[in-house]
Amino acid sequence: MSDAWMVCHILRPSIKPCPIYRAKQPPPVKPIRFGAPARQLFAMFHTPSGTVKHGHAVVLCNPFGQEAIRCHRMLRILGERLAAAGFHVMRFDYFGTGDSDGDDDAISIKTWIDNVIQASDEAARLSGSHLQSWFGLRLGATVAALASARARTPPHHLILWDPVIGGEHYLGELARSHFGETKLLHGKPARPRAPIAANRPTEALGFPLSHAIVDDIRLVSAETFSTIQTARSTILQSPCAEDTAQIATRLRAMGVPVDTIRIDTHVVWASSDAMNAAIVPTEPLLAIVNAFAAVP
Amino acid sequence: MTEHSINFGDHGGLVGTICLPHADRQGNAGIGKILFNAGILHRVGPHRINVRLARRLARRGIPSIRFDLSGLGDSARANPRYTFERQAVADLQAAMDQLETIAGVKRFSILGFCSGGRNGYAAAAEDERIKGLILYDTYTYSTIRSRLNRITLLIEQQGFFKTIRGTTRRRTAQVLRACSRLLSQQSSKDSEGDWLQNQPSREEFAARLHHLCDRAVRVAVMYSGEGVDYNYREQFAKAMAGLGIIERLDFAYLPEMDHTAMQLAEQSKFMDWIESWTVQLHRDHTVNSHQADALVS
């Protein structure tokens, strides 16, 4: 079933699904909260459907801010497809994001690293799986890479899609998107806009940028990826995203087998235009499911 | 404040998070707040506004549920036998049932954000437990001044020729749609696509709002200053003049806020207004409930 059809189905539920689609109900998925009181994280936990069960749990790591809102639908569908392919899947919100505890301005990369490890441990506990693998998108990919170095049980397979490699570059990208959207949304170009200091942005596309998160993002560089711990890695590279070749080279030098998949789909992640546009690109989703399924 | 994330509704297909006030602020009087999708965004709302609003309300003693309608966010697909509107009303009723079971509240207030307002409006017409309804950027009625403002704004943004071309194309499409409807003898109410796009006439809208007010439902109409379709403070009052409804409604206009409340300062103003309105509604119902208890005893 095409994703365009699925979006159509969301908007027009009276459209009759094709018989094959109707026969395939999505696998069971359950909302959970875990962690210490007042610091609980929200997650959706998918259990595998069908006959194939890999004994393998996959943790999906969100990107930052508006990008996480924008890719919610895509990660849900990725979760469902991985579950249909026999994996346990944990989609979770970091502290201070989504449905998890915490305020938007209380976030930091250090907390998020701890959250990835927590989510992985929780996925292992709930699924009883002997293997955990992680997928991260954009800043979520960078956080997953950092977390792999700290985890007691590093991920078996780490898939990174358009990781943030240059922190300064990413902050500049957020500031440009914020400025562009402000201009666009307010209609009249002459209207006053919130000031965005080039060296100290305070908000991006509706989410606060605390000093802590800005300082953390600034420290991100290609060097960040030299501590990755994983049995194997796959990097998805979109057109217009930062070049990931240097990460692949570093990983190979560390003896980690790396596959790089170049995808044609160009998605504008940093945009507030999610109000009427869910983004579910088919090609990368298929590539991700196949990459996880290919690893024994 | 405590939060519980749950499955509920038919076959547990709906996903939501219940936010409860601290135990010493809980009571079964007052109202519960229902928060749900804005457009097709998942239940946390644009820029996580629903989460922040739920926690603010919990600090003021008001429980809430934020959830995904069928087919949206994390909830299961819609029932293909239901129309979009019927499904949304059923989902909102399931959310009220759930909040009633967990928090003990029996009256509810709905925040309808953008197209969510249409769902809230439909549910309020059917379910007498709904005592408060906020319609944010939901139905917009034009006036001569708003049409002139719109054209001026579009010319500023796109230039003269592009605006004229766009306006002509829009009008032609409207005429063609009307002709097509006439030819196929299809009522506009029969089509779900039309339900998404069309809005009631101002007379019909006013009549339904009168009906809600007669039932002691407090209704608030809010507009952002996005600038294209709703573009000056008095537009709603002018458009609804002579229908006797303005005096019965609460009204807010946030001229510096865009439709999705992207700027943090505007988000705060938006949430302040909703919090204060909801707390007032909650107090009114708490007082009424205590008076009713006193009368009974």
Side-chain angles (χ1 to χ4, degrees), chain A residues 7 9-17 22 25-26 28-33 37-38 40 42-44 65-66 68-70 72-73 76 91 93 96-101 103-104 178 181-182 184-194 202-203 205-208 272-278, chain B residues 1-7 12 15-17 38-52 55 66 70-74 76-84 87 114-115 153-154 156-157 192-193 196 224-228 231 256-267:
Chain A
V7 171
H9 181 59
I10 295 162
L11 296 174
R12 300 284 305 274
S14 64
I15 296 170
K16 296 274 183 294
R22 196 164 18 190
Q25 282 301 310
V29 55
K30 196 174 142 197
I32 55 166
R33 299 185 82 86
Q40 289 211 312
F42 169 85
M44 293 299 294
Q66 180 61 21
I69 300 271
R70 203 166 163 78
H72 180 273
R73 184 97 204 153
R76 170 187 166 160
R91 288 188 282 129
D93 292 330
T97 73
D99 253 331
S100 289
D101 286 352
D103 295 333
D104 304 58
H178 184 83
E181 296 284 334
T182 310
L184 198 69
L185 289 171
H186 277 118
K188 286 185 180 175
R191 261 191 204 181
R193 307 174 194 108
T202 53
E203 59 181 280
L205 296 167
F207 289 87
S272 71
D273 191 25
M275 202 65 173
N276 298 303
Chain B
M1 181 200 77
T2 51
E3 292 193 325
H4 308 276
S5 296
I6 50 168
N7 284 114
V15 173
T17 295
I40 58 170
L41 297 183
H42 76 292
R43 67 194 168 279
V44 303
H47 317 305
R48 210 177 174 226
I49 277 179
N50 285 350
V51 178
R52 285 184 277 157
R55 291 173 186 174
R66 51 181 189 270
S70 296
L72 297 177
D74 290 313
R77 288 185 199 103
N79 184 334
R81 289 189 310 253
Y82 281 178
T83 61
F84 203 165
Q87 179 73 64
C114 180
S115 60
L153 186 59
L154 289 176
E156 270 180 42
Q157 284 177 350
E192 281 200 89
L196 282 168
S224 70
E226 177 133 356
V228 178
N231 49 45
E256 290 302 317
M257 191 172 103
D258 62 81
H259 180 60
T260 60
M262 199 183 76
Q263 311 256 20
L264 297 185
E266 301 309 317
Q267 289 173 14

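Below, chains carry the letters A, B, ... as their sequence lines are ordered, and counting in each starts from 1.
Rounding to the nearest 0.5 Å gives a distance of 12.0 Å between CZ of A:Arg73 and CG of B:Leu41. Expressed to the nearest 0.5 Å, how far CG of A:Leu205 lies from CD of B:Gln263 amounts to 10.0 Å. B:Asp74 CG to A:Arg91 CZ: the interatomic distance, rounded to the nearest 0.5 Å, is 4.5 Å. Between atom OG of residue A:Ser100 and atom CD of residue B:Glu3 there is a gap of 9.0 Å, rounded to the nearest 0.5 Å.
Nearest heavy atom pair, residue A:Thr97 against residue B:Arg48, reads C-NE, 3.3 Å.
Of the two parts of A:Phe207, the backbone and the side chain both hold a non-hydrogen atom closer than 4.5 Å to a non-hydrogen atom of chain B. B:Ile6 touches chain A through its backbone: at least one of N, CA, C or O sits under 4.5 Å from a heavy atom, while the side chain does not. Heavy-atom distances place the side chain of B:Gln267, and not its backbone, under 4.5 Å from chain A.
Scored by the salt bridge (Lys or Arg N to Asp or Glu O under 4.0 Å) test, A:Asp93 finds no partners at all (sequence neighbours excluded). Shown here are the salt bridge (Lys or Arg N to Asp or Glu O under 4.0 Å) partners of A:Asp101, two or more places apart in sequence or in another chain: A:Arg33.
A salt bridge links B:Arg43 to A:Asp99: one of the charged nitrogens lies within less than 4.0 Å of a carboxylate oxygen.
Annotation: side chain of B:Val44 is not in contact with side chain of A:His72 (no heavy-atom distance under 4.5 Å). Put simply, the side chain of B:Met262 does not reach to within 4.5 Å of the side chain of A:Glu203, judged on heavy atoms. In this structure the side chain of B:Arg52 reaches within 4.5 angstrom of the side chain of A:Asp104, judged on heavy atoms. Residues B:Asn7 and A:Pro31 form a side-chain contact, since some pair of their non-hydrogen atoms from C-beta on lies under 4.5 Å apart.
Judged by distance alone, with hydrogens and angles left aside, the side-chain atoms of B:His42 form no donor-acceptor pair with the main-chain N or O of A:Ile69 at under 3.5 Å. Side-chain atoms of B:Arg55 never come within 3.5 Å of backbone atoms of A:Asp103 as a donor-acceptor pair (strictly under, hydrogens ignored).
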